[in-house]
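The block underneath contains the structure these notes are about, expressed in structure tokens.
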Amino acid sequence: MTAKIISGTETAKQITAETCQEVAELKTRHGIIPGLATILVGDDPASHVYVGRKVKMCQDIGIHSERYDMPASTSETDLIALLAKLNNNPQINGILVQMPLPKHIDESKIISAINPDKDVDGFHPTSVGRMVVGNPSFLPCTPRGIQILLERSNIKTDGAEVVVVGRSNIVGKPIANILLQKAQGANATVTICHSATRDIATHTRRADILIAAMGKPNFITADMVKDGVVIIDVGTNEIGKTADGKRILAGDVDFAAVKEKASAITPVPGGVGPMTIIMLMSNTVKATKMAHGLI
Ligand code: GUN
């Protein structure tokens with residue numbers, strides 16, 4: 001079997017068109033322009049690339065964006081002061097603090113300082129709590145992007161064995177919770193594997209849908225999956241640079257070998273990555289509508 005390639009780029013394009021339409025309607029019908037603030041602390045090159053893409057996407061679809069680039073030496077107090085200002089700024093509907101933050105800053109303290117109504121990343125404990133109990137919430141962008149990618153690729157999660165490898169707060173834990181919900185596009189039997197899991201392959205071989213999100217290049221090999229598995233590869237590992245300085249990325253899955261066994265697989269790049277960014281835009285539009293009592 002050679003896998004169908006699940007193109008996040010194509011699905012993200014469709015959702016971009018839908019989101020563009022929503023933004024245009026907010027403007028023409030209500031005179032409202034959604035606003036997103038992005039905050040980047042320090043000079044991690046990958047984070048610069050990601051924030052740059054988020055800002056560009058805002059421009060492309062008509063969302064007002066304010067970008068705050070702060071030095072690595074920024075104090076927790078200064079960052080919290082900026083968040084307080086943005087929390088009270090009615091032009092700003094969504095706030096994104098790019099992770100990871102420098103070591104001297106307590107990420108959970110910063111996340112908790114964001115107004116949950118503007119928590120378009122879905123990282124605030126209030127959003128996480130709502131997600132876990134199944135109440136309406138901002139869902140974290142990468143996991144929500146994965147759920148939509150599965151839905152729009154007609155991959156059934158209902159009753160499926162889903163194995164998630166990786167337990168980060170950004171991907172592993174939330175995607176497991178989202179797919180566990182008794183809801184459409186979810187209702188799966190979910191297993192989470194992590195660095196202390198004794199024999200990861202015994203779990204991954206049972207998966208109907210395998211979500212690899214541990215940040216280890218080519219970790220999932222063909223012998224670790226069953227025939228017909230659906231693979232969602234969240235890995236974006238930089239494994240080198242091209243002669244002109246562009247990042248060379250590898251996923252967490254050995255794509256070339258695993259695609260021969262899988263029924264469907266996301267590529268890296270062009271799989272989950274584009275979905276993350278458009279979900280951020282979609283959450284920003286949702287926050288804007290909520291702020292104006294439109295939903
Ligand atoms: N770092 C890696 N992924 C993300 C994300 O989705 N949001 C933020 N804020 N930081 C990240």
Side-chain angles (χ1 to χ4, degrees), residues 8 12 15 36-58 63 65-70 72 74 79-80 82-83 86-87 92-103 105-116 118-128 131 137-149 164 166-178 211-216 232-238 247 249 251-252 266 268-269 271-284 286-287:
I15 301 173
L36 174 70
T38 58
I39 303 173
L40 174 58
V41 184
D43 33 43
D44 177 61
S47 291
H48 270 267
V49 172
Y50 298 139
V51 170
R53 285 191 193 145
K54 291 168 186 176
V55 168
K56 173 155 189 316
M57 178 65 99
C58 283
I63 291 179
S65 106
E66 291 184 14
R67 177 174 176 160
Y68 296 86
D69 283 8
M70 307 173 86
T74 301
L79 189 48
I80 289 173
L82 172 60
L83 288 172
L86 295 169
N87 282 341
I92 294 299
N93 304 107
I95 302 171
L96 174 136
V97 181
Q98 186 66 27
M99 304 294 166
L101 288 168
K103 292 273 174 287
I105 299 179
D106 179 346
E107 288 186 352
S108 68
K109 217 164 161 183
I110 298 305
I111 290 166
S112 294
I114 297 170
N115 177 350
K118 299 189 179 189
D119 176 34
V120 287
D121 252 331
F123 293 167
H124 191 285
T126 298
S127 306
V128 176
M131 172 188 70
S137 173
F138 292 113
L139 296 176
C141 302
T142 301
R144 177 67 179 139
I146 292 170
Q147 187 184 34
I148 293 190
L149 202 48
V164 178
R167 57 175 156 183
S168 70
N169 289 337
I170 294 182
V171 183
K173 284 184 205 161
I175 190 61
N177 271 288
I178 289 169
I211 300 176
M214 65 293 214
K216 292 205 167 108
I232 304 292
D233 189 351
V234 191
T236 46
N237 308 289
E238 186 177 322
R247 299 185 312 143
L249 297 181
D252 287 349
T266 59
V268 176
V272 174
M275 293 299 293
T276 297
I277 300 180
I278 192 58
M279 287 303 114
L280 176 66
M281 302 299 122
S282 170
N283 275 349
T284 303
K286 180 174 166 180

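In each ligand, atom 1 is the first atom listed, and ligand 1 is the first ligand listed. Counting begins at 1 with the first residue of the sequence.
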Query raised in the report: Does a side-chain heavy-atom distance below 4.5 Å link M275 with I146?
Result: no

Query - L139 side chain reached by P174 side chain, heavy atoms, under 4.5 Å - result: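 SC-SC contact between P174 and L139 ruled out.
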
Report task. Have a look at E66 and tell me which of T38, V55, L86 forms a side chain to side chain contact (heavy atoms under 4.5 Å, CB included) with it. Result -> L86

Requested in this report: Apply the side chain to side chain contact (heavy atoms under 4.5 Å, CB included) test between V41 and each candidate in L82, L79, I110; give the one that qualifies.
Outcome: L79

**Report entry** Set of residues satisfying side-chain contact (heavy atoms from CB on, under 4.5 Å) with respect to A72, sequence neighbours excluded
**Finding:**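 Per chain and number, A72 pairs via side-chain contact (heavy atoms from CB on, under 4.5 Å) with no residue.
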
Would you tabulate the polar-atom pairs, meaning N/O of ligand 1 against N/O of the protein, with distances under 3.5 Å, reported to 0.1 Å?
{"unit_1": "ligand 1", "atom_1": "1 (N)", "unit_2": "Q98", "atom_2": "NE2", "d": "3.3"}
{"unit_1": "ligand 1", "atom_1": "1 (N)", "unit_2": "M99", "atom_2": "O", "d": "2.9"}
{"unit_1": "ligand 1", "atom_1": "7 (N)", "unit_2": "D121", "atom_2": "OD1", "d": "3.0"}
{"unit_1": "ligand 1", "atom_1": "7 (N)", "unit_2": "D121", "atom_2": "OD2", "d": "3.4"}
{"unit_1": "ligand 1", "atom_1": "9 (N)", "unit_2": "V97", "atom_2": "O", "d": "2.8"}
{"unit_1": "ligand 1", "atom_1": "9 (N)", "unit_2": "D121", "atom_2": "OD2", "d": "2.6"}
{"unit_1": "ligand 1", "atom_1": "10 (N)", "unit_2": "M99", "atom_2": "N", "d": "3.0"}

Requested in this report: Measure across C58 and L36 and return the closest heavy-atom pair with its distance rounded to 0.1 Å.
Outcome: SG-CD2, 3.6 Å

